[in-house]
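What follows is one structure encoded as structure tokens, with my remarks underneath.
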2 protein chains.
Amino acid sequence: MSTVELTPTSYVVLGLLALGGPATSYDLKQLVAGTVGHFWSFPHTQLYTEPRRLAALGLVDEEQEEGGRRRRTYTLTAAGRRELEAWLAEPVAGELEIRDVGLLQLFLHTGDDPASIARLAEVQAEAHRATLATYEEMAAAAEASGAPDTPQTAALRLGLAIERAYVTFWDDLG
Amino acid sequence: MSTVELTPTSYVVLGLLALGGPATSYDLKQLVAGTVGHFWSFPHTQLYTEPRRLAALGLVDEEQEEGGRRRRTYTLTAAGRRELEAWLAEPVAGELEIRDVGLLQLFLHTGDDPASIARLAEVQAEAHRATLATYEEMAAAAEASGAPDTPQTAALRLGLAIERAYVTFWDDLG
DNA sequence: GGGTACATGTAATCAGTTACATGATTTA
DNA sequence: TAAATCATGTAACTGATTACATGTACCC
């Protein structure tokens, strides 16, 4: 039974520690940038404050080095792992939110400014093409490595599908 | 030149007032629920506080009725319309954020719990099928009405494409 | 050895959320 | 006319963001 109240951010931290082992805040920042950050990002400062909150809750261990940068390394505790696994075991119903300013801009247009919409479509198509290219590289690298399929590569496939839909959409609109 | 600092929420309010004319907070809540709320939602309280902030900035007019519920009706001012149009005219580069807890749960799984992933896939596929059905109804209704294509119906097409990608993805995974 | 980029954090602020509360309308 | 639901809001809280600041390592 889990009583503590955790946010998605908390689970990202717990999950990354579970997947990648002990890490400093900076390590987490790097990890996030290359993985979840592609679809669920947050500023680096949260990766400094959130682990400390989790440490206070006993879900991670915090160990600070003595000399040099005195950086803190975080390790998942047994309690933290339990908390994470309990959350993962129970599918959350939460609705999908697409925080896409470009889509919002499209939506809030009246129909009487086609030029503005065309400009928007062009910018967006380009941006999504770039993202798509990144994902395709990531997928190619994963495939080339010969590693087996993982939840993370599965998630990447969804990213690819979505970005392809986006590129098609904005291209058609432009 | 626009110096005031507005959030996406601000533009949703300004935009809905531009699209639908004067409205009370409750009207806005209804509007949001049927439109932008599908991909960019927020609690109703923000639709009470945000218009008042915008009124203080002179971007909307606030008029309170005397008797009964003393509800406030908001109207876009000329300044508000300028601010909105300036924002719409300049495509924002902002990255896409997909706040999807289901995807996050998938991503944070280790590879060694296929049953948990299958359960997640089932729940998610069902949820997205429901959303897809809603969108399809909306699209059918729009088509049946014979109204011309608008930015809003275009946005709906993107929603459809994304939801289809989602259903396919979770079905394949399950 | 001076500059630049990397790395690591603190502090203040605020938008957004949650919790609460009450008045008005409808319906059984 | 009581109950349920719709409508309208306020207040408190806090997670997340912004702004700031400084130390460390590398490289020219």
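The chains referred to below are lettered A, B, ... by the order of the sequence lines, with proteins before strands, and numbering in each begins at 1. Being a predicted model, the structure only gives us computed values, none of them experimental.
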Tell me: CD of A:E50 to P of C:dT8, nearest whole Å?
-> 18 Å

Nearest of D:dT8, C:dA15, D:dG15 to any side-chain atom of B:T7?
-> C:dA15

Rounding to a whole Å, what distance do you find between A:R99:CZ and D:dT17:C1'?
-> 14 Å

Run through A:M138, A:E136, A:E137 and flag the one making a side chain to side chain contact (heavy atoms under 4.5 Å, CB included) with A:T134.
-> A:M138

A:D27 CG to C:dG9 P, straight-line distance once rounded to whole Å = 11 Å

OP1 or OP2 of C:dG16 under 4.0 Å from side-chain N/O of B:T9 | yes

Do B:S10 and B:E50 get their side chains close enough for a donor-acceptor pair, meaning under 3.5 Å?
-> yes

Figure out the CG/P separation between A:L28 and C:dT8, and round it to whole Å.
-> 11 Å

Nearest-Å distance, CD (B:E97) to P (D:dT17)?
-> 8 Å

Go through the steps to decide whether B:Y135 and B:H38 satisfy the test ring pair (Phe, Tyr, Trp, His ring centres under 6.0 Å), and finish with yes or no.
-> CA-CA 9 Å; B:Y135 288 2; B:H38 287 296; 5.5 Å; yes

Whole-Å gap separating C1' (D:dT18) and OH (A:Y48) = 16 Å

For residues 29-46 of chain B, which residues have at least one heavy atom under 4.0 Å from DNA chain D?
-> B:H44, B:T45

N or O in side chain of B:R53 less than 4.0 angstrom from C:dA15 OP1/OP2 | yes

Under the salt bridge (charged side-chain N to carboxylate O under 4.0 Å, His left out) test, residues paired with B:D113 that sit two or more places apart | none

Closest non-hydrogen contact found for B:L47 with B:K29 is CD1-CA, 3.4 Å

Between atom OH in A:Y74 and atom P in C:dT8, what is the gap in whole Å?
-> 11 Å

Tell me, please, which residues at least two apart from B:S41 pass side chain to side chain contact (heavy atoms under 4.5 Å, CB included).
-> A:E97

Think A:R52 has a side-chain N or O under 4.0 angstrom from the OP1 or OP2 of C:dG9?
-> no

For B:L47 and C:dT17, give me the distance from atom CG to atom P, rounded to whole Å.
-> 11 Å

Shortest non-hydrogen contact from A:Q105 toward B:P91 | OE1-CA, 3.5 Å

Phosphate oxygens OP1/OP2 of D:dG23: is one of them under 4.0 Å from a side-chain N or O of A:R71?
-> no

